[in-house]
Amino acid sequence: MGDPTAHSCFRTAIVAEDAVLDSLQSYKFNGYAPTVGLPQTRRAVAEYLSRDLPYKLTSDDVFITSGCTQAIDVALAMLARPSANILLPRPGFPIYELCASFRHLEVRHFDLLPQNGWEVDLDAVEALADHNTVALAIINPGNPCGNVYSYEHLEKIAETAKKLNIPVIADEVYGHLAFGRNPFIPMAVFGETVPVLTLGSLSKRWIVPGWRLGWFVTTDPCGMFREPKIIERIKKYFDILGGPATFIQAAVPRILEQTEDVYFNRTNYILKQSSDLCFDMIKDIPCITCPRRPEGSMAVMVKLNLSLLDDISDDTDFCFKLAKEESVIILPGTAVGLKNWVRITFAVDPFALEEALRRTKSFCQRHAKLL
């Protein structure tokens, strides 16, 4: 699953721990929260996201969820209707397909282009969309690809969605985890071009995935999602959802306001170092190729060259045998929609990452075809 909390080099900010402890010990937050989230939590998230936008969000734009996974479910539930389809990236995060199947949403995949830094194939998006298309989803910074989209590419995505008259679902759970050439730009910067549903959480930037604190945000200054009927529908749906623990919600304003940049810089520095180590060691493994140095998130996709391997049939076979023979676990690309690729998580202790890649190299050498 790529949980960074399993490794000693990653831990949450002290202010986050203190905020949760103080919230719990205050005895003020043991009861139910409003189903859409505590008012102060919604306001704090709106202010936090507004720092990077050319307009201001309000607490009414924000709904608090149990992690980003629940935010994904909310987005698809709100958009689903009979005969509808949704455009999803390939490779992507498989929870989207799972949620879509429960909502009877047809999934249409557009490719991300490895030779172009995993940019969206916008021609394919236009070819796939029709009058029943309800949204285009993007993940930036990219999971599982480790890419970060440029301002110019995000602008083209917004213009394409506007042309197709569909909103963009912007999954930014890895927001600000960018350590390469491109800075992180929120999709909502283009909210005046196209309506954007922004999904995010504390999970990755604060290294607290188990706290299950996420958000679903209508970043939509032109007001498509502010129609009374739509707002009422969203609120009613939240009435049947169980949100995050109230005391965790109550800690959010302090966490967002008081975490210092030095904490974020340290996390990005560690991720940069480990991603570089991963990229450089992969270059010495003949049967796998990384098309581009990772620039964000916590994972990277690498391509298998099965023609160099003996008795390995596909990416799933590769990963099962690697786990059995070397106790190294990586994810088959098939799981994220890209056959004969694999996903490597680099958000691990450097010594463990180095050892894992050394074992992977030994595995590939052992299974190499004799020339």
Side-chain angles (χ1 to χ4, degrees), residues 1-12 89 91-93 112-119 138-150 153 171-185 200-201 203-209 261-304 315 319 322 328-333 335-336 338 341-361 364:
M1 292 180 67
D3 185 345
T5 65
H7 303 278
S8 60
C9 62
F10 294 101
R11 63 167 296 170
T12 193
F93 184 49
L112 304 182
L113 305 173
Q115 68 274 21
N116 293 341
W118 299 104
E119 288 185 346
I138 64 165
I139 304 173
N140 182 51
N143 177 25
C145 301
N147 59 291
V148 179
Y149 290 141
S150 67
H153 187 60
D171 184 329
E172 295 174 351
V173 71
Y174 289 96
H176 296 282
L177 294 182
F179 39 81
R181 291 170 297 178
N182 293 329
F184 168 66
I185 305 293
S201 77
S203 299
K204 301 304 191 296
R205 198 180 188 199
W206 275 268
I207 319 294
V208 288
D261 286 343
V262 65
Y263 169 75
F264 300 129
N265 293 340
R266 179 181 181 275
T267 301
N268 278 357
Y269 175 80
I270 295 170
L271 289 172
K272 170 64 173 171
Q273 295 300 110
S274 62
S275 67
D276 283 345
L277 173 65
C278 185
F279 181 78
D280 291 338
M281 289 191 71
I282 285 170
K283 287 190 289 187
D284 290 330
I285 305 175
C287 67
I288 59 177
T289 306
C290 185
R292 193 178 182 113
R293 189 179 295 272
E295 296 187 340
S297 78
M298 296 180 175
V300 63
M301 292 294 289
V302 300
K303 185 173 178 59
L304 290 176
D315 56 314
C319 291
L322 178 64
V328 173
I329 299 174
I330 57 180
L331 188 72
V336 294
L338 207 55
W341 290 64
V342 295
R343 188 194 78 165
I344 298 176
T345 298
F346 53 77
V348 300
D349 287 314
F351 73 88
L353 179 63
E354 190 171 355
E355 175 64 17
L357 291 169
R358 191 179 296 117
R359 294 186 189 190
T360 302
K361 182 177 181 179
C364 290

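Heads up: numbering here begins at 1 and tracks the sequence.
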Look up atom SG in Cys319 and atom CG in Leu304, then write down how far apart they are to the nearest 0.5 Å.
-> 7.0 Å
Kindly indicate, with the supporting measurements, whether the criterion side-chain contact (heavy atoms from CB on, under 4.5 Å) is fulfilled by Asn116 and His153.
-> CA-CA 11 Å; Asn116 293 341; His153 187 60; over 6 Å; no
Closest approach of Arg343 to Pro144 (non-hydrogen atoms, all atoms of both residues) = CD-CB, 3.3 Å
About how many Å separate OG1 of Thr345 and CE of Met298, when rounded to the nearest 0.5 Å?
-> 9.5 Å
Once you round to the nearest 0.5 Å, how far does CE of Met281 lie from OG1 of Thr360?
-> 8.5 Å
What closest approach, in Å, do Val302 and Cys290 show between heavy atoms, and which atom pair accounts for it?
-> CG1-CB, 3.8 Å
Can you name the residues that form a side chain to side chain donor-acceptor pair (under 3.5 Å) with Arg292, not counting sequence neighbours?
-> none
Any pair with a residue in residues 171-185 that passes salt bridge (Lys or Arg N to Asp or Glu O under 4.0 Å), sequence neighbours left out, goes on the list, sorted by first then second residue, please.
-> Arg181-Glu295
Measuring from Ser8:OG to Phe351:CZ, what's the distance to the nearest 0.5 Å?
-> 6.0 Å
Applying ring-ring contact (aromatic ring centres under 6.0 Å, His included) to Phe264 and not counting sequence neighbours gives Trp206
With sequence neighbours left out, the residues meeting ring-ring contact (aromatic ring centres under 6.0 Å, His included) with Phe179 are none
Please identify each residue that fulfils side chain to side chain donor-acceptor pair (under 3.5 Å) with Thr5, with sequence neighbours left out.
-> Asp3
What are the two closest non-hydrogen atoms of Pro91 and Leu112, and how far apart are they?
-> O-CD1, 3.5 Å
Judged by atom type as modelled, is there a donor-acceptor pair below 3.5 Å linking the side chain of Tyr149 to the main-chain atoms of Ile139?
-> no
Check for a donor-acceptor pair, side chain of Ser297 on one end and backbone N or O of Asn143 on the other, with a separation under 3.5 Å.
-> no
For Asn265, side chain to side chain contact (heavy atoms under 4.5 Å, CB included) partners two or more places apart = Asp261
Do you know the tightest heavy-atom contact between Leu357 and Leu277?
-> CD1-O, 4.4 Å
Stepwise side-chain contact (heavy atoms from CB on, under 4.5 Å) test for Thr289 and Ile282 = CA-CA 7 Å; Thr289 306; Ile282 285 170; over 6 Å; no
Determine, step by step, whether Ser274 and Val348 satisfy the side-chain contact (heavy atoms from CB on, under 4.5 Å) criterion, reporting the C-alpha distance in whole Å, the side-chain angles of both residues, the deciding distance to 0.1 Å, and the verdict.
-> CA-CA 8 Å; Ser274 62; Val348 300; over 6 Å; no
Results of ring-ring contact (aromatic ring centres under 6.0 Å, His included) for Phe279 - residues two or more places apart only = none
For His176, what residues pass the ring-ring contact (aromatic ring centres under 6.0 Å, His included) criterion, not counting sequence neighbours?
-> Phe184
Those residues at least two apart in sequence (or on a different chain) that pass side chain to side chain contact (heavy atoms under 4.5 Å, CB included) with Ser201 are Cys68, Val173, Ser203
Take atom CD1 in Ile329; do more than 12 heavy atoms of anything else shown fall under 6.0 Å from it?
-> no
Does Asp315 use its side chain to pair, donor to acceptor, with the backbone of Val342 at less than 3.5 Å?
-> no
Closest non-hydrogen atom pair, Cys9 against Pro350 = SG-CD, 4.4 Å
Ala347 and Leu271: which non-hydrogen atoms are nearest, and at how many Å?
-> CB-CD2, 4.0 Å
Measure the CD-CZ distance between Gln273 and Phe346 for me, rounded to the nearest 0.5 Å.
-> 12.0 Å
Pro89 vs Trp118 side-chain heavy atoms within contact, under 4.5 Å = no
Would you say Ser275 and Val300 make side-chain contact, with heavy atoms under 4.5 Å?
-> no
Atom pair CD (Glu119) and CG (Asn140), whose distance is rounded to the nearest 0.5 Å | 10.5 Å
Which residues satisfy the salt bridge (Lys or Arg N to Asp or Glu O under 4.0 Å) test with Glu355, sequence neighbours excluded?
-> Arg358, Arg359
Heavy-atom check, side chain of Ile270 versus side chain of Phe10, under 4.5 Å | yes
Residues 264-273 vs salt bridge (Lys or Arg N to Asp or Glu O under 4.0 Å), sequence neighbours excluded, gives Lys272-Asp276
Tell me, please, which residues at least two apart from Lys361 pass side chain to side chain contact (heavy atoms under 4.5 Å, CB included).
-> Asp284, Ile285, Gln365
